[in-house]
Structures are given as structure tokens and as C-alpha cells.
Amino acid sequence: MPSAGDAPPILDFSSFYKNDPAAKKKLVEEVRDCCLHNGFFQITGHNVPLELQNKIMNWNKKFFDLELEQKNTVNKDTTNTWNRGYELMKSQILEEGTLPELKEGFYIGDEITKDHPYFVNKKLNSGPNMWPSEEILSNVEGFKSTALDYYGQVVELAKDILKVLALTLDLEESWFDDFSSDAVATMRLLHYPSQPADSPAKLTRGIGAHTDFGCVTILLQGDVAGLQVYDYSTKEWLDVTPTPGAFVVNLGNLMMRWSNDKYISNLHRVINKSGEERYSIPVFFSGNPDYEVKCLPNCIKEGEEPKWPPITVEQAIKNGYADSYGRAEKYKKEAAAKAAGEVLVKPGQQVAVA
Ligand SMILES: O=C(O)CCC(=O)C(=O)O
Ligand SMILES: [Fe+2]
């Protein structure tokens, strides 16, 4: 059982694939302990090849090495409404009161054509990807095939992790299959520049303290540290040191709600003080957008009411987005107003301005 002050343990996921009931049972118990403790663990022994992880990480660097105007040819805010493509530095504030975040992103998902029902019905994050042209990024086809291969393999891994999660709740391994079929998942390539020495340390974030909105997140860290998980009992931030080949897995708010708050969606953040560029790739597995999430079996005592009413996957995720982007917009408006000498802030309300 992880205890206070421990970083997320590294578990050997290969026990899930082997025909060794005792080893599988041990894995299930370890995962259950982590879900109850802070919803974070790391895995090795999965089926995603190290070579593919390295290849997508190299493309990650190549993409962000492009000039800003080149990246802006696939800017997600000017080219589409379904959340694919390039996201500018400082677009999000996940932690209230901190500065816009020192990270830029590139969003990729399933290649959904414009005649697909998810696109036609404007489902969550569903539509064609935005790839730069060959003139801008040479061998863009290589980028595309690596990204989609990696994405597909990590989505399969997410489904396997859900099978283990079902077992942790004493449910059939297939319990999450309907939720996982035709699932929406979004991957973001992330680049965190090293934070400038003169930036206000208390307010500067690569990504501010937050919990993830979806069901389960599978994160590949490059070789530069910066990810931290909050430990409520010691009130300390624990470093999650990158381990080659390992994925960091964490539960999101949807899983916490679904389990009636039995399993934890934990606060985490990134601060890059390394002096080096940091790259990472989270894949957020949201699930089937129409699936209705209501209190899981074995997560409620007899005679008790569930803490949360049912909600569709789509609605739950959209609620999360609205909060974080709204905050960055509000910040920018207030900063602009302040520069213009206006005061929008009510007494008692704190706004951080650089
Ligand atoms: O980059 C990382 O290590 C973490 C990213 C993260 O927490 C997120 O994108 O939600
Ligand atoms: Fe996160």
C-alpha cells in the first residue's frame, strides 16, 4: 500500500497479459491500493514499444521547434471547433491565481471524417486532425503515421487498464466494455519551456495544480522532470521522476464521480525549473460520449444514496473544459483592463498580474 510521502509506485503490467493468476491478483491489489490512495501509479511491462514512445517524442520536439507562424497554420482556435491542432503558449490557467501556463500543445485524436456521426452530431472533440503541410514539416506523413500508431496503442492500453480497474471493484473484466467502445480519447503533445529565472516562482506554472477531467490519463514523460503529485497528508508535492518506458497512469474526475468518490482523482502540476525544455504526451481517455455514468456497483453501502446524479461522459468533460479556459480568458481581460487603468476586480478577490 503506498503511504504518505511515496511517489506513485511502478507496477509491472505484464502480469495482466500472462497466464499467472497469482501475479494478476497481485497487480489488481496494487492498482486498487493506488486508486484508493491518490489515483496515481506508473506501469512498465505494457505492450507499447519503447521505440514507438521514442519516435513520437522525437516528433513532439520537431513539431514545437517550428516557428510560431508555422505552428499557427494549424492553430486549433482558428482552424476548427473540435479541439484539434496547435494551442498557443499561455492558453490555460488550471490553478486559480497563477499566471497563464508556460506550455504549448498539439492536440491529436482519432482521424474522424466529416461524414462520421460524431462529427455530424458535434460530439466531444470529434473531427479530422489538423496536420501541418509537407512544406512546413518535412515527412509530415511520418509524423501522422507515428502519432496515430502511438495513439491507437495507448487507447488499447487504456482499455486494458479499465479491465484491471473492473477487477479492482470485484466486477467482471468486461464491465467497462460498453463505455470503452467508440470511445473518445485525446492526446496532447506538450512542450514546457524552462521557466525563466526572473519569473515569479510562486505564480509560474508549466501546468497549474489540477485534476484531469476524464476517466483515465496515460502520460509519457520525456527525460526532463517536472511533474508533481500532491500528497494531502503531508501537504507536500511529490516528484514523479521520469522512468524510461514507464507510463504514469492517473484517474480523472469522471472515474472519481463514477466510483462515488471511493477512487481518487488527485491534484498534480508541472513546474519546469530544470533549465531544459520539457516534453510530455498525455492521452486522456474520456470514453463513449453518450454513455451515462452513474454510481458503480460496489461503491455504495446498502441504503445510501449516490453522491452524484447520473451524467453523460460528454457533459462531464465539457463542464471541466469550460472552467479552465474561462479562467485564462478572464485573466487576460482583467490584465488588459488593468493596463488600461480600469478595475474589474471586486474587493476581496485576488487576481495575479505579471
Ligand atoms: O506534462 C505532464 O507531465 C502532465 C500533464 C498534465 O497533467 C495534463 O496535461 O493534464
Ligand atoms: Fe493532468
Side-chain angles (χ1 to χ4, degrees), residues 7-8 10 38-43 53 56-57 60-61 63-64 76 83-84 86-96 98 100-109 125 150-151 154 158 161 184-195 204-230 237-256 263-274 276-286 316-317 319-325 327-328:
I10 300 179
N38 66 5
F40 264 85
F41 50 97
Q42 305 185 68
I43 55 173
Q53 293 179 327
I56 187 65
M57 217 29 119
N60 187 347
K61 294 184 188 127
F63 177 80
F64 290 113
K76 72 194 248 303
N83 213 13
R84 300 291 171 89
Y86 175 61
E87 180 175 81
L88 287 167
M89 199 76 81
K90 302 188 177 177
S91 294
Q92 267 188 313
I93 301 179
L94 285 161
E95 183 178 343
E96 184 118 40
T98 59
E101 294 166 355
L102 290 183
K103 68 163 167 26
E104 54 183 343
F106 184 68
Y107 287 71
I108 301 168
N125 297 341
Y150 178 83
Y151 171 87
V154 174
I161 291 171
V184 168
T186 305
M187 143 164 150
R188 31 181 207 178
L189 308 186
L190 290 173
H191 167 222
Y192 302 87
S194 182
Q195 123 182 2
T204 308
R205 299 284 181 269
I207 188 166
H210 69 283
T211 55
D212 291 349
F213 314 140
C215 175
V216 60
T217 305
I218 301 179
L219 171 82
L220 180 65
Q221 301 196 74
D223 43 19
V224 174
L227 174 64
Q228 298 182 313
V229 177
Y230 191 63
W237 287 95
L238 307 172
D239 294 320
V240 188
T241 311
T243 301
F247 285 114
V248 180
V249 181
N250 68 287
L251 307 181
N253 299 348
L254 189 68
M255 183 49 90
M256 182 155 171
Y263 282 176
I264 308 297
S265 168
N266 207 77
L267 269 184
H268 54 286
R269 69 180 186 186
V270 171
I271 298 183
N272 181 12
K273 290 195 219 155
S274 66
E276 290 173 74
E277 308 296 298
R278 179 175 188 273
Y279 299 88
S280 72
I281 309 177
V283 174
F284 305 97
F285 188 86
S286 304
I317 310 279
N319 293 352
Y321 280 140
D323 291 349
S324 78
Y325 286 96
R327 213 172 289 136

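Residue numbers count from 1 along this sequence. Treat the numbers as computed from the prediction; the structure is a model and nothing was measured. As the structure lists them, so they are numbered: ligands from 1, and atoms in each ligand from 1.
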Would you say the ring centroid of Y230 lies under 6.0 angstrom from that of H268?
no
Does F40 reach the side chain of L238, with side-chain heavy atoms less than 4.5 Å apart?
no
With heavy-atom distances below 4.5 Å as the criterion, would you say the side chains of V216 and M255 are in contact?
no
With a 4.5 Å heavy-atom cut-off, do M187 and I281 have their side chains touching?
yes
Ring centers of Y86, F106 separated by less than 6.0 Å
no
Could you name the protein residues that come within less than 4.0 Å of ligand 1, counting only heavy atoms, and order them by chain and residue number?
R188, L190, Y192, I207, H210, D212, L219, L227, H268, V270, R278, S280, P282, F284
Does K61 qualify as a cation-pi partner of Y279, given the criterion of NZ or CZ under 6.0 Å from the six-membered ring centre and within 45 degrees of its axis?
yes
Report, rounded to 10°, the angle at the Fe ion (ligand 2) between the two atoms NE2 (H268) and OD1 (D212).
90°
